[in-house]
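Heads up: the structure comes next, in structure tokens.
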Amino acid sequence: MRVYRGEFATPAADREPTAELLASAADGVPAVRVAAPPRQVAFGRRDARESGFEAAKRAAEEAGFPPVERDVGGRAVAYTGSTLSFGVAVPAGGGRGSIDSRYETATETLRDALRDVGADVVRGEPPAAFCPGDHSLRVAGGKRAPNAPEDDGGKVAGLAQRVRADAALVAGVLVVSAADPDPIARVTEPIYDALGVPFDPESVGSVADAGGPDDPDAVARAVEGAFVDGPWGDGEREVVRVDGGDA
């Protein structure tokens with residue numbers, strides 16, 4: 001599996017390696033990248049169709065989060081600069097798996113990687129979560145309020161998928177540090193309000209909240225390793241630097 005490493009100073013530059021991941025997968029070599037993008041709010045295609053989209057972008061800018069538009073669907077996601085983004089590109093077509101099977105593989109691989117570093121996470125999300133969707137991970141057994149149900153732990157990760165004829169990219173957000181939920185909630189609340197999307201500021205969790213390490217670099221390498229050693233990998237890394245650094 002090709003492992004792309006490196007980080008960039010601007011959101012636009014940070015998006016460029018995605019094309020390399022997809023090109024690698026189209027050539028038959030799965031690829032993965034786990035990194036911390038620069039501070040931003042990444043809006044999905046659904047957001048761009050909402051009447052409050054311009055107001056939502058202004059809210060992001062006023063909070064110091066540059067707004068960008070991503071190629072996959074879903075709702076806006078805030079990255080603080082330590083929040084992780086992950087992407088795994090695999091060959092598609094020719095009976096190489098369905099959208100649902102790719103979601104299943106990616107979600108379970110991510111869940112197992114986090115459990116291996118001590119984070120007690122399970123599938124699902126609390127009500128009114130950020131980036132709402134069926135393919136999510138949350139803190140297990142959490143209670144965000146005294147009267148909340150036991151399965152109400154904060155959301156830690158959400159996944160989306162982009163599919164071409166020759167390759168598919170399963171990508172997502174992963175909140176690691178205990179310092180991230182508060183700024184993510186503060187910027188997300190006015191953005192979702194402008195978009196007309198329900199949001200509970202208490203719905204944001206983190207790997208650290210789940211008992212895992214409060215160390216984005218360590219978690220990034222663990223997630224990377226899980227995909228290299230998982231169903232889509234072969235246990236071998238071909239490291240490619242995308243920022244000009246040493247592999």
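The first residue of the sequence shown is numbered 1, and numbering continues consecutively from there.
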Check: R75 and R46 side chains under 4.5 Å, non-hydrogen atoms
yes
Taking it one step at a time, do V3 and F227 satisfy side chain to side chain contact (heavy atoms under 4.5 Å, CB included)?
CA-CA 10 Å; V3 175; F227 281 107; over 6 Å; no
Could you check if a side-chain atom of V88 sits within less than 4.5 angstrom of a side-chain atom of V90, using non-hydrogen atoms only?
yes
Would a 4.5 Å heavy-atom cut-off, applied to side chains only, mark P30 and S24 as touching?
no
Taking Q40 for the side chain and P38 for the main chain, is one N or O donor matched with an acceptor at less than 3.5 Å?
yes
Is there side-chain contact between D47 and E69, with at least one heavy-atom pair below 4.5 Å?
no
Check for me, please, whether V223 and V117 land in the same ILVMFWY cluster - side-chain distances under 4.5 Å, paths through other members count.
no
For Y192 and A129, the nearest pair of non-hydrogen atoms, with its separation, is CE2-O, 4.1 Å
Report yes or no: do L169 and V29 belong to one cluster of Ile/Leu/Val/Met/Phe/Trp/Tyr joined by side chain heavy-atom distances under 4.5 Å?
no
Can E54 and K57 be counted as an ion pair, charged N to O under 4.0 angstrom?
yes
Indicate yes or no: does R5 engage E224 in a salt bridge with an N to O separation below 4.0 Å.
yes
May I ask you to decide if the ring planes of Y103 and H135 are parallel, tilted or perpendicular, using 30° and 60° as cut-offs?
parallel
Which heavy atom of L110 sits nearest to which heavy atom of A157, and what is that distance?
CD2-CB, 3.8 Å
Shortest non-hydrogen pair, A226 vs T109, comes out as O-CG2, 3.6 Å
Is there a side chain to side chain contact (heavy atoms under 4.5 Å, CB included) between R162 and T18 once you walk through the steps?
CA-CA 11 Å; R162 174 183 170 189; T18 300; 3.9 Å; yes
Determine the minimum heavy-atom distance between R70 and A76, stating which atoms define it.
NH1-CA, 4.3 Å
Decide yes or no for I184 and Y79: does some side-chain heavy atom of the first lie under 4.5 Å from some side-chain heavy atom of the second?
no
Run the salt bridge (charged side-chain N to carboxylate O under 4.0 Å, His left out) check on R186 and D182 step by step: do they pass?
CA-CA 6 Å; R186 278 190 280 108; D182 183 59; 2.9 Å; yes
Distance check, rounded to the nearest 0.5 Å: E104 atom CD versus E108 atom CD?
4.5 Å
Testing the basics here: between S203 and P126, what is the closest heavy-atom pair and its distance to 0.1 Å?
O-CG, 3.7 Å
Decide yes or no on side chain to side chain contact (heavy atoms under 4.5 Å, CB included) for R237 and M1, but give the supporting numbers first.
CA-CA 5 Å; R237 288 175 176 81; M1 177 175 269; over 6 Å; no
Between the side chains of S206 and D180, is a donor N or O closer than 3.5 angstrom to an acceptor N or O?
no
With side chains defined as the heavy atoms from C-beta onward, is the minimum distance between I99 and V163 less than 4.5 Å?
yes
Reference residue L137; test side-chain contact (heavy atoms from CB on, under 4.5 Å); the match among K155, R115, R111, E125
R111
Rounded to the nearest 0.5 angstrom, the CG-OG1 distance for D100 and T105 is 11.0 Å
Is there a chain of hydrophobic side chains (I, L, V, M, F, W, Y, each step under 4.5 Å between heavy atoms) that links F65 to V68?
no
Run the salt-bridge test on E20 and R33 with the 4.0 Å N-O cut-off and return the result as yes or no.
no
When you measure from the side chain of E7 to the backbone of A36, do you find a donor-acceptor pair of N or O atoms at a distance under 3.5 Å?
yes
Sort out for me which residue in V204, V139, V176, D209 forms a side-chain contact (heavy atoms from CB on, under 4.5 Å) with V156.
V139
Under 4.0 Å between a side-chain nitrogen and a carboxylate oxygen: does that hold for D243 and R241?
yes
With sequence neighbours excluded, residues passing side chain to side chain contact (heavy atoms under 4.5 Å, CB included) with D214
S177, A178, A208
Assess the pair F43 and F53: is the distance between their ring centroids shorter than 6.0 Å?
yes
Do you know which two heavy atoms are closest between L174 and T83, and how far apart they sit?
O-CG2, 3.5 Å
Give a yes or no on whether L114 and V122 share a hydrophobic cluster (residues Ile, Leu, Val, Met, Phe, Trp, Tyr; joining criterion: side-chain heavy atoms under 4.5 Å apart).
no
Quick one: does T107's side chain get under 4.5 Å of R123's, heavy atoms only?
yes
Roughly how far, to the nearest 0.5 Å, is the CG atom of D166 from the CG atom of D27?
8.5 Å
Side chain to side chain contact (heavy atoms under 4.5 Å, CB included) assessment of L159 paired with F86:
CA-CA 9 Å; L159 291 79; F86 60 91; 3.8 Å; yes
Heavy-atom side-chain proximity of W232 to V170 below 4.5 angstrom
yes
Main-chain N/O of G133 paired to S136 side chain as donor or acceptor, under 3.5 Å:
yes
